[in-house]
Number of protein chains: 2
Amino acid sequence: MEARTRRRVRDPAATRETILDAACNLLAKDGLEGVSLSAVAHLASVNRGTAYQHFETREKLIEATIEWVSDKMFRAVFGDPATLGERRVEEVDVSALTDRLSEFAMENPEIGRVWLQQVLASPDPSQDAFWREYCGSLRRFASTSLAVPGIDAEVMSVINLAGVFFWPVFARAHAADEGERSELTRRYTHEILRLSMYGTMSAKAFPDVAERLSKDFAKD
Amino acid sequence: MEARTRRRVRDPAATRETILDAACNLLAKDGLEGVSLSAVAHLASVNRGTAYQHFETREKLIEATIEWVSDKMFRAVFGDPATLGERRVEEVDVSALTDRLSEFAMENPEIGRVWLQQVLASPDPSQDAFWREYCGSLRRFASTSLAVPGIDAEVMSVINLAGVFFWPVFARAHAADEGERSELTRRYTHEILRLSMYGTMSAKAFPDVAERLSKDFAKD
DNA sequence: TCACTGATCGACAATGTTGCTGGTCAATTG
DNA sequence: CAATTGACCAGCAACATTGTCGATCAGTGA
């Protein structure tokens, strides 16, 4: 009859990681609603009590999960935070960065959206490393001659990130297999680059809008 | 002592509306997580049993709420569906449409995001009237000479809608009063128009990206 | 007027979740 | 080696939520 469930070997750091990883997967699968301590602990094969030992409350767990996601994302998109300082703005390969971000978003659905939501709602988004880096590099880029003048880096960050994190919702729902999925990823990166280069409206066809833009501009 | 709670006068249609309206408000306040039948019924001052009479299950209620939101949004952005057919593509005022959409998104936070999420995840987004109209008009616009060539209407719809529905998360968290909020709305509409007209990257500074774009293009 | 439909309500069972507590046991440290 | 720490676990209490049922009672139509 035996069969007592084996007691987990004592390794707090690893346990914490296990729990966060489980929370992350659950987040990607069912969204925020699906992240209950019961479900997370079960998926991580950890006792609920143990989970509470590591994270005081559900809120704290979610908060920690978001940070964990942010870090994962940072590495996937910008590489190792340690070696970051050395690179130059001019050297940043916009096109490759977009590729990596789209890739990550597609592989980790849901969590990017949840992360963005939390970060934007927080009193100071730049507390978050990924946001700081993303928005910051966009701002630096905007100040170079490589960029069109008049870019609002904050708004552009929101637009870019919102788009890249929402597209997988559509893509994953409409792609039957891996192949179609990467095709849809390609479609997205193509379009975002095309948009960045050429916009959507033929400038000479819209003198009124152009005028409105320059007027808004004067107000700033 | 008396004080029996008055029984609601019999008016199923109005009751249904009341419930949906409550659900909608709750959605805007607390997101999907906040929409429990208990909370909705309470807010609507309706017995929970009554709510179940109108909506078989929580899922059904949420589904109905999303449709209701879609309809509200449609009217706010495109006007009355009945008088829609008459207008021409060329007559559509892009700039005014953007204004109305941003306005709506700011006034009704959360629900637009949830709506977009549901619609994109559904097997056939064009079942939804708002999506059909938005994406369709973008497609029609793309085929005119007013537009830059090569636009992917579906991707652009996602980018635009994701952006406009996410911006309020940032804006509402960082605006102290009504005035700051409308200023932030203005910032958004300005930037999205600017982006549509001029993009972000100086085309001549990025011959490699331009080449990649034309290559991708050839593959299609 | 009177039966009938169905909108509304109060209560109940089943289930799930949160957070807490007290107990066990492995590792560390003096 | 003994004592202490704290990681881990099982179970409890409080509460929320879902979905269901049977009992009313207001309109409606015969």
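Each chain gets a letter, A, B and so on, in the order its sequence line appears, and its residues count up from 1.
Remark: A:Y52 engages no residue in a ring pair (Phe, Tyr, Trp, His ring centres under 6.0 Å) (not counting sequence neighbours).
In the region residues 44-59 of chain B, proximity to DNA chain D at under 4.0 angstrom, judged on heavy atoms, holds for B:R48, B:Y52, B:T57, B:R58.
Distance, B:R7 CZ to D:dA26 C1': 8 Å, rounded to whole Å. Distance B:I19 CD1 to C:dT8 C1': 10 Å, rounded to the nearest Å. Atom pair A:D30:CG and C:dG16:C1' shows a separation of 15 Å (rounding to whole Å applied). When the C1' atom of C:dC9 is taken as reference, atom CG of B:L37 falls 15 Å away, rounded to whole Å. Distance, A:D11 CG to D:dT5 C1': 16 Å, rounded to whole Å. Across the protein-nucleic acid pair, A:H42 atom NE2 and D:dC9 atom P stand 14 Å apart, rounded to whole Å. The CD-P distance, from A:E33 to C:dT17, rounds to 12 Å in whole Å. Across the protein-nucleic acid pair, B:L61 atom CG and D:dG19 atom C1' stand 14 Å apart, rounded to whole Å.
Checked by atom type and distance alone, the side chain of A:R194 pairs as donor or acceptor with a backbone atom of A:G199 at under 3.5 Å. Judged by distance alone, the side chain of B:D21 and the main-chain N or O of B:E17 form no donor-acceptor pair under 3.5 Å. Here the side chain of A:W167 pairs no donor or acceptor atom with the backbone of A:A105 at under 3.5 angstrom.
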Please test A:R16 against A:I19 for side-chain contact (heavy atoms from CB on, under 4.5 Å), starting from the C-alpha separation and ending with a verdict. CA-CA 5 Å; A:R16 194 190 144 92; A:I19 295 172; 5.8 Å; no

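Listed nucleotides D:dC8, D:dT18, C:dT18 differ in distance to A:T15; the shortest reach to its side chain belongs to D:dC8.
Comparing the end axes of the helix from C:dT1-D:dA30 to C:dG30-D:dC1, each fitted to five base pairs by superposing C1' atoms of four pairs onto the next four, gives an inter-axis angle of 10° (nearest 10 degrees).
The aromatic rings of B:F165 and B:W115 stand perpendicular to each other, their planes meeting at an angle above 60°, with 30° marking the opposite boundary.
Taking a 6.0 Å sphere around NE2 of B:H42, one finds it holds 12 or fewer heavy atoms contributed by other residues, nucleotides or ligands.
The aromatic ring centroids of B:W131 and B:Y134 lie 6.0 Å or more from each other.
Note: A:E191 CD to B:M156 CE = 6.0 Å, rounded to the nearest 0.5 Å.
Residue B:S36 is in sugar-phosphate contact alone, with no base atom involved, counting any heavy-atom pair closer than 4.0 Å across all strands shown.
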